[in-house]
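Naming convention: chains lettered A, B, ... in sequence-line order (proteins, then strands); numbering from 1 in each chain. Model, not experiment: these values are computed from the prediction.
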There are 2 protein chains.
Amino acid sequence: MTDRLIWQRLEEGNYRLTQQRQAVLDVMKENRGRHLSAEEVLAEARKKAPNLGIATVYRTLDKLSSFEVLYKMVFDEGKYRYEICEDEHHRHHHVICLSCGQIIEIEEDLLSKLEKHLEGKGFEVVDHQLIIYANCPDCKKKVKK
Amino acid sequence: MTDRLIWQRLEEGNYRLTQQRQAVLDVMKENRGRHLSAEEVLAEARKKAPNLGIATVYRTLDKLSSFEVLYKMVFDEGKYRYEICEDEHHRHHHVICLSCGQIIEIEEDLLSKLEKHLEGKGFEVVDHQLIIYANCPDCKKKVKK
DNA sequence: CCCCTATTGATAATGATTATCATGTTTGAT
DNA sequence: ATCAAACATGATAATCATTATCAATAGGGG
Ligand SMILES: [Mn+2]
Ligand SMILES: [Mn+2]
Ligand SMILES: [Zn+2]
Ligand SMILES: [Zn+2]
């Protein structure tokens, strides 16, 4: 997601970029493609804004998600994770390795057929989330040995 | 999932069916296709076993999930939900209505192509979870008015 | 510089889940 | 049947992520 587009969305939302919010946003931009928890964001952002509190991190992550600058997602560990949006795309998909916990992304969108089917039945599809549980190639090899 | 198969799995796991566990399992069987939280299960199961404690409910739901008698799943409300497994199938898919919160199931499996692709790349696919966020036909009509 | 409002950080509160522990129940050997 | 060991239970405390509260602060427009 380009800085220009981010800026536009914050503008529309009347959202002032304070030092703290800037720090959080910068951390997210420096971690494109990663999926950070609030605590992880706090740890990184404190390098830029040492007194930053966890409450501000939560507030900022939620607000940025509501502006669709971030995705807020949940795997199955009982906590939320956040990632900076990339434009154009629908939410992309995640493969989680059951051995090493690594999260790998896939861009293929084979869901349009399914979504068309639902729209034919009167649904209005807004978004989707697909998680595939797998053993990644490395872990698959290790297990085989 | 047939009683016979459930029985077989508990057997394999050396899992004795106490009154409390039976109560929990019965609630799950009486609610095929629904997605219950631990508290919801507790409320129902207490009709059968009045002194049942929440700890036993959690213990039982987790154990039954580990035997693949139940699915343990997470949407994005910060809590787990459980549903009795149906055989044959891979995990099925869920549509959540963003207006009324209703959960609708879909059986179509259009993910095999994607999973084949991943297996070609060396992954071993174990399971997947697909959630589609939508407005259901009823809510779509209401919003339009 | 001053007022007003938005923002912040510390901390308390909440809600779901898990851990602990004393008590009760079942099992299987005698 | 008796008894010890293993298992299971319910109450309750502990934990963890998240949200709410609130007094102190910052900063922009006059
Ligand atoms: Mn991602
Ligand atoms: Mn289901
Ligand atoms: Zn791996
Ligand atoms: Zn609806």
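- Looking at residues two or more places apart in sequence or on another chain, you find a salt bridge (charged side-chain N to carboxylate O under 4.0 Å, His left out) between A:D62 and A:K72.
- Per the geometry, NZ belonging to B:K79 stands 19 Å off C1' belonging to D:dT15, to the nearest Å.
- Contacts between residues 58-69 of chain B and DNA chain D, counted as heavy-atom distances below 4.0 Å, involve B:R59.
- No side-chain heavy atom of B:Y58 sits under 4.5 Å from any side-chain heavy atom of B:L42.
- The pair A:E86-A:R32 counts as a salt bridge, with a side-chain nitrogen and a carboxylate oxygen less than 4.0 angstrom apart.
- Taking atom CG of residue B:L42 and atom P of nucleotide C:dT17, one finds them 12 Å apart after rounding to whole Å.
- A salt bridge between A:K141 and B:E124 is absent, with no side-chain N of the basic residue lying under 4.0 Å from a carboxylate O of the acidic one.
- Counting to the nearest Å, the P atom of C:dT18 and the CD atom of B:E39 are 13 Å from each other.
- Distance alone, capped at 3.5 Å, is enough to place a donor-acceptor pair between the B:E40 side chain and the B:S37 backbone.
- Using a 4.0 Å cut-off on heavy atoms, the residues of residues 10-21 of chain A that approach DNA chain C are A:R16, A:T18, A:Q20, A:R21, listed by number.
- Only at 4.0 angstrom or more do the heavy atoms of residues 45-54 of chain A sit from any atom of DNA chain D, so none qualifies.
- Counting only distance, with no hydrogens or angles, the side chain of A:T56 and the backbone of A:L52 share no donor-acceptor pair below 3.5 Å.
- Under the salt bridge (charged side-chain N to carboxylate O under 4.0 Å, His left out) criterion, A:E77 pairs with A:R81, sequence neighbours left out.
- Nearest heavy atom pair, residue A:I54 against residue A:A38, reads CD1-O, 4.1 Å.
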(message) Expected output check: what is the dot-bracket annotation of DNA chain D, where ( ) and [ ] are pairs inside the strand (brackets for crossing ones), | is paired with another strand, and pairs are Watson-Crick or G-U under 3.5 Å?
(response) ||||||||||||||||||||||||||||||
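- Within the 3.5 Å criterion, the main-chain N or O of B:R16 finds a donor-acceptor partner in the side chain of B:R21.
- The nearest whole Å value for the distance from the CD atom in B:E77 to the C1' atom in D:dT18 is 15 Å.
- Using a 4.0 Å cut-off between a side-chain N of Lys or Arg and a carboxylate O of Asp or Glu, A:K48 and A:E30 qualify as a salt bridge.
- Taking 4.5 Å as the limit, some side-chain heavy atom of B:I132 sits within range of a side-chain heavy atom of A:L114.
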(message) B:Q20 vs B:R59, test: side-chain contact (heavy atoms from CB on, under 4.5 Å). Steps then yes/no.
(response) CA-CA 11 Å; B:Q20 293 88 332; B:R59 281 188 288 244; over 6 Å; no
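- Using cut-offs of 30° and 60° for the angle between ring planes, the B:Y82 and B:Y80 rings count as tilted.
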